[in-house]
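Residues: numbered from 1 along the sequence shown. Just so you know, these numbers come straight off a predicted model, no measurement behind them.
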Amino acid sequence: MACGGFTCSKNSLIALNILYIIIGFILVGVASYGITANYVNSISIIGGIIACGVFLWLIALLGLLGTYKHNQVLLFFYMVILFLLFILQFGIACACLAVTEDQQDKLIRTGWAKSSDKTKADAQRVFGCCGLDSGSQLEYANSTDGNGHPSCADLECCKTSKEKSQCCYMDQAENCTCNPCLDTLRGKITDALKYSGGIGLFFSFTEIFGFILSCRYRNMPSPSHVPLQ
């Protein structure tokens, strides 16, 4: 049967949903690896990644079930969810690619202020930095505006320091021997936005492709129901 027929559309939808299942496993695997390797200890970050993976599994299972049974109701809900995801993901991907440096700094500062001490400690440990910027390096966890940071005493830049700077040990030294996190995070955020935007655009087009394909497949008569001439 030529591609574009019932069987080809069915197999294409099955392959697409298997891809979503694999991506879901990758997301959950990344979260599990982050915990095992002790890179990230924040429950909110890990929970968010796992939730995305589980959500993809549920969508993929809905699509597989609807495709296998050629169920009109399941395929309809699958189409609606894919279309909504396409709109959401396409808009987010475009926004990621359009973010300016000033907007990135504002996002970083807002995110830092709203982050828990555990999340800040993870960022400081992974990136080897202390505090958000040179001003916040002297502000500690109980800062009312959220610019404070957890102790940096366990960081490598503090352990190798010849003089005990204030950001490490809270004494009266003026200069911090650790770099602030803002510059490091800015570079990481720039790369992350670029890659996230590109990957988001790619997967948004797979979602609109799945929407069109499922819409077409849904309206096709099943060969087993076609009366013999």
Side-chain angles (χ1 to χ4, degrees), residues 19-56 85-137 139 146-150 152 154-160 167 176-209:
L19 174 64
Y20 289 153
I21 289 176
I22 293 173
I23 294 172
F25 273 112
I26 292 174
L27 288 174
V28 174
V30 167
S32 301
Y33 176 74
I35 296 175
T36 305
N38 201 30
Y39 286 143
V40 180
N41 295 321
S42 174
I43 300 300
S44 59
I45 294 176
I46 297 297
I49 296 175
I50 293 176
C52 289
V54 173
F55 184 63
L56 268 180
L85 280 176
F86 165 74
I87 295 175
L88 179 64
Q89 192 163 337
F90 183 80
I92 292 175
C94 291
C96 286
L97 295 173
V99 172
T100 64
E101 187 173 308
D102 290 339
Q103 290 172 330
Q104 288 180 33
D105 286 356
K106 186 176 180 180
L107 286 172
I108 294 172
R109 292 182 184 279
T110 302
W112 184 272
K114 293 183 178 180
S115 296
S116 65
D117 287 341
K118 182 170 287 190
T119 302
K120 292 177 182 179
D122 286 336
Q124 291 180 155
R125 176 169 47 83
V126 171
F127 299 115
C129 56
C130 180
L132 183 61
D133 52 29
S134 56
S136 68
Q137 282 179 323
E139 301 176 23
N147 286 328
H149 63 86
C152 301
D154 292 332
L155 297 180
E156 199 65 31
C157 55
C158 284
K159 291 180 180 178
T160 57
C167 69
C176 184
T177 54
C178 299
N179 293 324
C181 293
L182 182 61
D183 293 339
T184 304
L185 289 175
R186 187 187 292 123
K188 299 296 182 181
I189 291 293
T190 299
D191 292 339
L193 288 173
K194 185 189 302 181
Y195 294 134
S196 298
I199 294 173
L201 278 179
F202 172 76
F203 280 107
S204 67
F205 285 116
T206 67
E207 289 159 2
I208 198 63
F209 171 75

Mind checking ring-ring contact (aromatic ring centres under 6.0 Å, His included) for Phe203 and listing every partner two or more places apart, or none if nothing turns up? none
Nearest 0.5 angstrom please: [X] [atom1] to [Y] [atom2], how far?
| X | Y | atom1 | atom2 | answer |
| --- | --- | --- | --- | --- |
| Gln124 | Asn179 | CD | CG | 12.5 Å |
| Cys96 | Leu201 | SG | CG | 9.0 Å |
| Leu19 | Ile23 | CG | CD1 | 4.0 Å |
| Phe127 | Asp122 | CZ | CG | 10.0 Å |
| Leu56 | Ile21 | CG | CD1 | 9.5 Å |
| Leu185 | Leu107 | CG | CG | 12.0 Å |

So do Cys181 and Cys129 have their SG atoms closer than 2.5 Å?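 Yes, because the SG atoms of Cys181 and Cys129 sit under 2.5 Å apart, which meets the disulfide cut-off.
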When you measure from the side chain of [X] to the backbone N and O of [Y], does any donor-acceptor pair fall under 3.5 Å?
| X | Y | value |
| --- | --- | --- |
| Gln89 | Phe86 | no |
| Thr110 | Lys106 | yes |
| Glu156 | Gly128 | no |

For the residue pair [X] and [Y], establish whether any side-chain heavy-atom pair is separated by less than 4.5 Å.
| X | Y | result |
| --- | --- | --- |
| Val99 | Thr190 | no |
| Glu207 | Tyr20 | yes |
| Ser204 | Leu85 | no |
| Arg109 | Leu182 | yes |
| Leu155 | Cys130 | yes |

Closest approach of Trp112 to Ala123 (non-hydrogen atoms, all atoms of both residues):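 Here Trp112 and Ala123 meet closest at CZ3-CB, 4.4 Å.
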Any Lys/Arg nitrogen of Asp183 or Arg186 sitting under 4.0 Å from an Asp/Glu carboxylate oxygen of the other? yes
Around atom CZ of Phe209, are there more than 12 heavy atoms of other residues, nucleotides or ligands at under 6.0 Å?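 Atom CZ in Phe209 is not packed in, count stays at 12 or less.
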